[in-house]
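Lettering of chains follows the sequences in order, A, B, ..., and the numbering in each one begins at 1. Reckoned from all heavy atoms, side chains included, excluding hydrogens, waters and symmetry mates.
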Amino acid sequence: MLLLISIVMDYYLGKIIALTKNDAKRKFYFIISLIANLGMLSIFKYTNFFIEIMNYSGAILKTGFSFPTLNIILPIGISFYTFESLSYTFDIYQRKLKPCKSLIDYAMFITFFPHLVAGPIVRARDFLPQLKKKISFIPENFKYGLTLVCWGLVKKVVFADNIAIFVNQFFADPTKFTGSVPIMLGALGFGIQIYCDFSGYSDIAIGLARILGIYIKINFDKPYLSLNVSEFWKRWHISLSTWLRDYLYISLGGNRNGKIMTYIYLMITMILGGLWHGAAWNFLVWGAYQGFLLAAHKLSQDLKINMLYWLGGVRKYLHLIITQYFVFLGWLIFRISKTEYLSYSIIKYITFDLTDVSAELSVLWTSYQLSFIFIILFIILHIYTIFNRDIFDKISSQDNFYWGIYLFLACLSLFFLAPTQANPFIYFQF
Amino acid sequence: MNKKIIIFIMPIIILIITSLIYLGFISSFKQFGATNNRFIAVLNKFDTLPEGSLIFIGDSQIREDISCLLIESKLNNSECFNLAVEGIIPSQIMPISFLLTATNPKAIVIGVSPLFFYEGVNKNNDLFFFMNNRKGIVIDKFMDNALTKDEKELLFMLPFDKALYKRKFVLQYFLGLLNSFSSKTQLRTNPNNFKDPYIYTENQPASQLDKKLNDSAVIGMFDINKSSKRQLDIFGHFLEILSNNKLQVIVVQMPLNPLLTDTLGADSLQNYHSYLSLLSQKYNFTLLNLQDDFAKDDFTDLTHLNSVGRQKLAFNIISGDYHIIQ
């Protein structure tokens with residue numbers, strides 16, 4: 001019902017905005033779309049968070065009032081389709097897109113099943129023109145799509161779910177470990193799990209769409225090979241980061257109002273981006289942390305600071321390691337919602353405490369051998385992709401015999417290597 | 001054939017072939033880990049168990065402490081079987097109660113300790129999986145209410161889901177094989193040994209025992225006040241079933257290392273004893289407390305007897321000190 005309201009409302013608002021000549025009225029209709037979409041998202045996603053903030057403030061100020069939290073069920077995919085609807089009216093408002101002529105086509109854009117639940121966040125200007133083409137069975141699309149679907153399933157079911165066995169147990173109480181190395185391994189494990197989980201889903205969505213003849217842009221591009229945080233955000237959840245850049249950061253002012261304001265806009269964009277993931281303090285802090293990293297990187301670029309210039313060729317690898325060190329610290333903030341666990345983990349992560357390192361590693365290895373094997377395997381595969389870009393193009397363009405072997409191995413690994421305990425996709429909760 | 005059709009049909013054929021390969025492999029795969037293999041062997045043993053046997057059941061304490069070879073030498077025309085399974089808890093024993101009663105044993109000896117009723121560590125739910133679709137496994141109304149959703153799901157899993165569930169043991173098995181190459185100690189495991197199935201051959205060093213004794217989580221497992229009420233209730237129901245079938249039941253409070261009992265609070269031990277005494281009066285079974293006869297040197301660790309302790313226990317049983325053989 002909510003989805004239907006959103007579709008009908010934005011479809012007609014898009015038409016009205018396009019037909020209206022008066023700029024003030026155009027703006028008015030666009031603001032209606034903005035308020036309605038963000039209003040629905042806020043009610044369903046953030047109401048309890050606001051109530052908690054009010055209760056917390058009330059307790060600090062000793063006002064004596066306290067509101068009960070509400071039993072609200074988060075509609076599936078609301079964060080994703082709200083951003084897609086908003087991009088549609090925003091593009092029409094900015095005269096970058098003509099309104100869709102058919103309600104059915106527009107509904108198809110929003111509800112297209114592969115991306116409805118957890119993205120990628122598709123733009124109307126990329127999707128709608130494709131509906132005008134005749135849909136036909138193209139063998140190349142089918143091969144490429146199925147190749148991607150299989151790889152996405154392997155990433156999710158074999159890698160993410162096996163690593164989740166360690167991650168879920170570890171983050172149940174990270175304070176059980178006294179040294180820094182287990183915390184770093186926990187962060188590494190979760191970073192790889194969330195990547196395989198979410199990029200696996202994206203691959204399945206993009207692959208299914210391709211089988212149906214619809215092209216959706218890639219959502220992840222080997223983010224853990226980024227040499228700085230800015231590059232990381234160009235490679236991680238690309239559909240969200242470009243959405244935030246185009247519709248939030250640039251709308252706020254981008255880099256048009258001086259350097260200080262640019263840093264502030266970056267912070268605001270990433271804080272809101274963090275909150276988009278979930279209504280909790282750790283997502284807000286994670287967003288602020290990412291904003292800070294981006295602003296710090298921008299500042300170092302503006303000041304032309306390059307402390308590692310003397311390292312020559314090794315510099316690139318050091319950049320890679322330092323970037324990932326900070327990225328994975330961010331995953332701790334993202335994963336841990338309990339304040340005491342989070343502060344403990346962050347302190348351990350940054351202090352390089354080597355207490356009981358061999359004993360703790362031995363316990364972890366014995367208990368979670370399988371998860372660690374998949375972590376190591378993932379790192380090897382991730383590095384391998386440096387030398388083999390466009391691997392899916394290559395696989396799907398092989399003749400049917402070799403393509404069949406790929407499918408055969410993918411199916412076998414799904415049968416033999418998937419853990420018994422299924423885990424829902426992490427991004428379904430957003 | 002048309003190229004388009006081949007590309008479309010090939011994945012379907014591959015899916016069918018891989019499914020068949022998997023199902024073929026998994027149907028002949030029998031390596032489920034030491035504990036599960038032991039449990040399967042125990043379940044299978046019920047088919048050939050002679051009437052009038054002396055049956056010992058319980059967890060690893062019974063497995064380690066009871067030598068049926070020594071006991072049998074004093075039994076007249078009846079056999080002794082040690083059917084203990086490591087980590088087993090009352091909810092996992094209860095479904096086999098009808099298998100037990102059907103064998104019409106001479107006596108059933110159940111070895112217990114506070115750990116037997118603790119659910120925190122002993123939660124090998126896979127035992128329910130291996131009871132799935134087994135002849136003689138019965139879930140009465142009480143158990144239907146007592147078992148959790150996950151346990152029942154394993155117990156009543158459909159064949160295809162069972163085949164998929166089994167894959168968790170495949171990886172574990174191959175990892176275990178890899179580890180066995182680097183492992184220095186080889187455990188004496190034989191799932192079909194029902195006479196003398198102990199596997200621990202070396203005493204744990206004092207430093208390890210000290211570490212355990214100073215670990216509140218370990219000590220907590222032996223505190224009856226922290227036991228699972230569900231397991232205590234199920235154990236009561238299990239005894240009720242055996243009592244209703246007029247079977248001779250002996251519940252043995254298995255000895256714990258004095259180092260452990262000294263660490264446990266007196267009231268915890270008293271509550272544990274009171275609980276069993278109450279059950280004993282209610283269901284009219286023999287309750288034996290072996291605690292006082294064993295010193296710390298009789299143990300390999302905090303709970304299991306070593307070869308000296310095992311012989312001492314067997315001697316006491318044989319010589320009639322505990323009236324197990326009548």
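Under the ring-ring contact (aromatic ring centres under 6.0 Å, His included) criterion, Phe408(A) pairs with no residue, sequence neighbours left out. Every residue two or more places apart in sequence or in another chain that forms a ring-ring contact (aromatic ring centres under 6.0 Å, His included) with Phe374(A) is listed here: Phe159(A). Partners of Leu259(B) by side-chain contact (heavy atoms from CB on, under 4.5 Å), not counting sequence neighbours, listed by chain and number: Leu209(B), Leu213(B), Asn257(B), Lys296(B).
Residue Ala418(A) touches chain B through both its backbone and its side chain, counting heavy-atom pairs closer than 4.5 Å. Within the 4.5 angstrom heavy-atom criterion, only side-chain atoms of Phe142(A), from C-beta onward, approach chain B. When heavy atoms are compared at a cutoff of 4.5 Å, Ile17(B) approaches chain A solely by way of its side chain, counted from C-beta outward. Residue contact with chain B, scored on non-hydrogen atoms closer than 4.5 Å, involves the backbone and the side chain of Leu407(A) alike. In this structure, chain A has heavy atoms under 4.5 Å from both the backbone and the side chain of Ile7(B).
Separation of the Phe25(B) and Phe415(A) ring centroids does not fall under the 6.0 Å cut-off.
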Listing needed: what donor-acceptor pairs below 3.5 Å join chain B with chain A?
from      : atom 1 : to        : atom 2 : distance (Å)
Arg167(B) : NE     : Ala418(A) : O      : 3.0
Asn179(B) : OD1    : Gln369(A) : NE2    : 2.9
Asn179(B) : ND2    : Gln369(A) : OE1    : 2.8

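Other residues, nucleotides and ligands place more than 12 heavy atoms under 6.0 Å from the CG atom of Asn44(B).
How far CD1 of Ile211(A) is from CZ of Phe8(B): 9.0 Å, rounded to the nearest 0.5 Å. The CG atom of Leu164(B) sits 11.0 Å away from atom CG of Leu414(A), with the distance rounded to the nearest 0.5 Å.
At least one side-chain heavy atom of Ile373(A) sits under 4.5 Å from a side-chain heavy atom of Leu175(B).
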